[in-house]
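Below: one structure, written as structure tokens.
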Protein chains: 2
Amino acid sequence: MTTHTAAADITETKQLAALSPPQIKIFHGDCQSVTPRSIDAGSIDLIVTSPPYADQRRSNYGGIHPDKYVEWFLPRAEVLRAALSPTGSFILNIKEKVVDGERHTYVLDLIQALREQGWRWVDEYCWHKKNSYPGKWPNRFRDSWERLLHFAVSKNFKMRQESVMVPTGDWKNARLRNLSATDQVRDLSKAGNGFGKRIANWVGREYAYPTNVLHMSTECGYKGHPAAFPVALPQWFIRLFTDPGDWVLDPFAGSGTTLVAASQLGRNSIGIDTLEEYCDLMRERIVE
Amino acid sequence: MTTHTAAADITETKQLAALSPPQIKIFHGDCQSVTPRSIDAGSIDLIVTSPPYADQRRSNYGGIHPDKYVEWFLPRAEVLRAALSPTGSFILNIKEKVVDGERHTYVLDLIQALREQGWRWVDEYCWHKKNSYPGKWPNRFRDSWERLLHFAVSKNFKMRQESVMVPTGDWKNARLRNLSATDQVRDLSKAGNGFGKRIANWVGREYAYPTNVLHMSTECGYKGHPAAFPVALPQWFIRLFTDPGDWVLDPFAGSGTTLVAASQLGRNSIGIDTLEEYCDLMRERIVE
DNA sequence: AGCTCTTATGAATCATTGA
DNA sequence: GTCAATGATTCATAAGAGC
């Protein structure tokens with residue numbers, strides 16, 4: 001039993017208890033070869049990932065040149081598409097870097113190329129990073145947002161909009177202060193929109209659907225490993241695009257944030273990473 | 001003479017009083033033909049505009065099909081580039097519409113095409129619309145953000161970052177840091193030229209640079225014109241990319257929000273619109 | 001528990017220097 | 001020339017210490 005969602009999520013807790021505990025699989029290797037070998041076609045309900053950005057993290061992943069990014073990504077997207085269920089979704093967290101004083105276009109190119117590969121570009125969510133990296137330059141301000149591209153293979157993908165509804169009005173802030181005992185609730189308050197669907201019923205107050213702008217802080221001061229996104233981010237999309245018992249895949253799993261989120265929510269998960277070191281890290285983190 | 005900040009109201013008022021009152025020119029017609037005929041090459045310091053979106057506002061503008069959007073836009077961008085000063089900027093407010101359940105790619109295509117035309121894609125600001133249009137759909141949430149694309153023709157465009165500084169998030173921290181002698185020394189040394197120094201002396205560290213995410217509510221459209229952007233939006237970019245006395249152009253002026261903002265800030269402005277009815281509207285609005 | 005205050009740090013970017 | 005490495009810049013947040 002790995003879930004501990006916002007305080008009195010009684011119904012959800014019962015549901016999860018009735019299910020077998022969520023499975024977690026970790027594969028070491030490149031997702032391009034691992035995926036077709038180790039994952040059944042059409043068995044994945046949601047892919048959430050933050051791939052290595054172009055020319056970033058060179059010390060860890062070897063770095064992909066911006067001009068080569070699309071050709072590096074496409075064959076991997078192809079195997080991911082085969083693994084995804086017809087009603088599944090693919091959430092891609094990415095942002096183009098600045099090259100020679102202007103934004104590089106590889107993300108734009110990638111969107112176009114993925115569409116040609118058969119993906120539907122359903123929407124682009126905006127992740128507003130409330131605590132973006134500081135710095136000052138003569139020609140730009142701090143970059144405070146990233147793209148969360150939502151792709152699907154069919155028009156009728158699964159979407160559970162009620163599961164991410166947010167309380168309306170001042171009630172939210174007042175209530176959260178009372179509930180701030182646990183880390184989980186703190187995470188939810190950080191997200192500002194991570195409430196489960198049952199909590200709204202439990203409290204019996206008004207709630208509304210969120211928008212396609214997510215306000216979340218990057219995780220700060222965590223251990224020595226690079227944390228891609230805050231756990232609230234995969235949480236939000238897992239609630240939105242899967243049911244308990246579904247399978248979630250992160251083909252560039254890194255420190256395993258997606259797997260943690262999935263397990264907390266009673267979803268099975270698979271993580272893949274090219275670095276054995278990160279696979280070990282994930283296993284350690286999951287034990288907690 | 002060229003400095004200008006939100007904090008320096010007194011100085012600003014004096015400056016503006018010393019200048020002749022801002023000029024406003026309104027031209028009726030298509031900017032593609034009006035611009036080369038009526039605007040001197042290189043005379044414009046900033047272009048801020050929200051062009052008719054694809055297939056939107058059909059009743060007013062005739063509507064451009066999404067698939068034809070880029071070819072419609074490009075010749076107009078060409079004349080705008082000729083009108084823009086070498087140190088000028090071009091702010092394009094745009095968002096792709098949903099066609100057949102997915103985002104259309106004409107904005108991505110447009111960015112690519114503008115780069116091929118010689119524009120530099122400096123950055124993409126995110127306009128977070130705090131009060132986005134209500135609605136509910138089975139496969140997406142409310143669209144709560146739009147793109148504010150920043151293009152320039154040269155690497156060393158004009159940018160007055162001090163003019164849009166915002167109060168620091170935590171006032172207590174700012175005040176405390178003010179007491180630290182080392183911090184004051186750091187401020188003075190890093191401020192560099194002219195105005196930065198004055199800010200450091202005057203308001204200490206109570207102001208910080210903003211990010212590339214703008215939080216602004218939409219305004220109800222000015223009577224008779226479909227809702228464009230709030231006046232605070234062009235204001236922000238006019239402060240950021242021009243000095244008093246500079247020339248601001250809106251080639252799709254609509255209800256004239258950009259002209260109002262420019263005049264309020266002591267900048268000269270030019271508005272162009274294909275509809276005589278809107279030109280009349282602008283003239284009325286400017287009298288106020 | 002609830003404050004206040006301190007400190008460390010995070011998918012960053014540009015200018016400069018040296019090979 | 002081009003390219004790679006280094007230093008300087010900067011702020012919202014979490015965690016931790018102290019009361």
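A quick note: this is a predicted structure, and the numbers were derived from the prediction, not measured. Residue numbers start from 1 in every chain, and the chains themselves are labelled A, B, ... in the order their sequence lines are given, proteins ahead of strands.
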Of D/dT13, D/dC11, C/dC14, the nucleotide closest to the side chain of A/Val98 is C/dC14
Closest of C/dG10, C/dT13, D/dA12 to the A/Lys130 side chain is D/dA12
Comparing A/Thr218 with A/Gly135, nearest DNA chain D nucleotide closer to 5' gives the residue A/Gly135
[atom1] of [X] versus [atom2] of [N]: gap in Å, rounded?
{"X": "A/Trp137", "N": "D/dT9", "atom1": "CH2", "atom2": "C1'", "answer": "8 Å"}
{"X": "A/Asp143", "N": "C/dG10", "atom1": "CG", "atom2": "P", "answer": "17 Å"}
{"X": "A/Lys136", "N": "D/dA8", "atom1": "NZ", "atom2": "C1'", "answer": "12 Å"}
{"X": "B/Phe157", "N": "C/dC14", "atom1": "CZ", "atom2": "C1'", "answer": "12 Å"}
{"X": "A/Met216", "N": "C/dG10", "atom1": "CE", "atom2": "P", "answer": "20 Å"}
{"X": "B/Asn156", "N": "C/dC14", "atom1": "CG", "atom2": "P", "answer": "14 Å"}
{"X": "B/Tyr209", "N": "C/dT13", "atom1": "OH", "atom2": "P", "answer": "18 Å"}
{"X": "A/Lys129", "N": "D/dA14", "atom1": "NZ", "atom2": "P", "answer": "16 Å"}

One should read off an interatomic distance between B/Ile47 CD1 and B/Leu84 CG, to the nearest 0.5 angstrom, of 4.5 Å
ask   = Judged by atom type as modelled, is there a donor-acceptor pair below 3.5 Å linking the side chain of A/Asp45 to the main-chain atoms of A/Gly88?
value = no
| Just by modelled atom types, is the A/Trp121 backbone N or O under 3.5 Å from a matching donor or acceptor in the B/Glu102 side chain? | yes
So, does [X] get its side chain near the phosphate of [N], meaning an N or O under 4.0 Å from OP1 or OP2?
{"X": "A/Asn131", "N": "D/dA14", "answer": "no"}
{"X": "A/Arg103", "N": "C/dT13", "answer": "yes"}
{"X": "A/Arg140", "N": "C/dC14", "answer": "yes"}

Under a 4.5 Å cut-off applied to non-hydrogen side-chain atoms, are B/Trp145 and B/Lys129 in contact?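 No, too far: nothing below the 4.5 Å cut-off.
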Discussion item. For A/Arg103 and A/Asp143: C-alpha separation, side-chain torsions, deciding distance, then whether salt bridge (charged side-chain N to carboxylate O under 4.0 Å, His left out) applies.
Written reply: CA-CA 11 Å; A/Arg103 291 280 167 198; A/Asp143 191 9; 3.3 Å; yes
- Query: What is the nucleic acid contact for A/Ser132, judged by heavy atoms within less than 4.0 Å: base, sugar-phosphate only, or nothing?
  - Reply: base
- Using a 4.0 Å heavy-atom cut-off across all strands, classify B/Pro210 as base, sugar-phosphate, or nothing. nothing
- Given that A/Pro134 and A/Asp100 both sit by DNA chain C, which one's nearest nucleotide is further toward the 5' end?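 Of the two residues, A/Pro134 wins.
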_Can you work out whether A/Trp127 or A/Pro138 has the more 5'-proximal nearest nucleotide on DNA chain C?_
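Residue closer to the 5' terminus by nearest nucleotide: A/Trp127.
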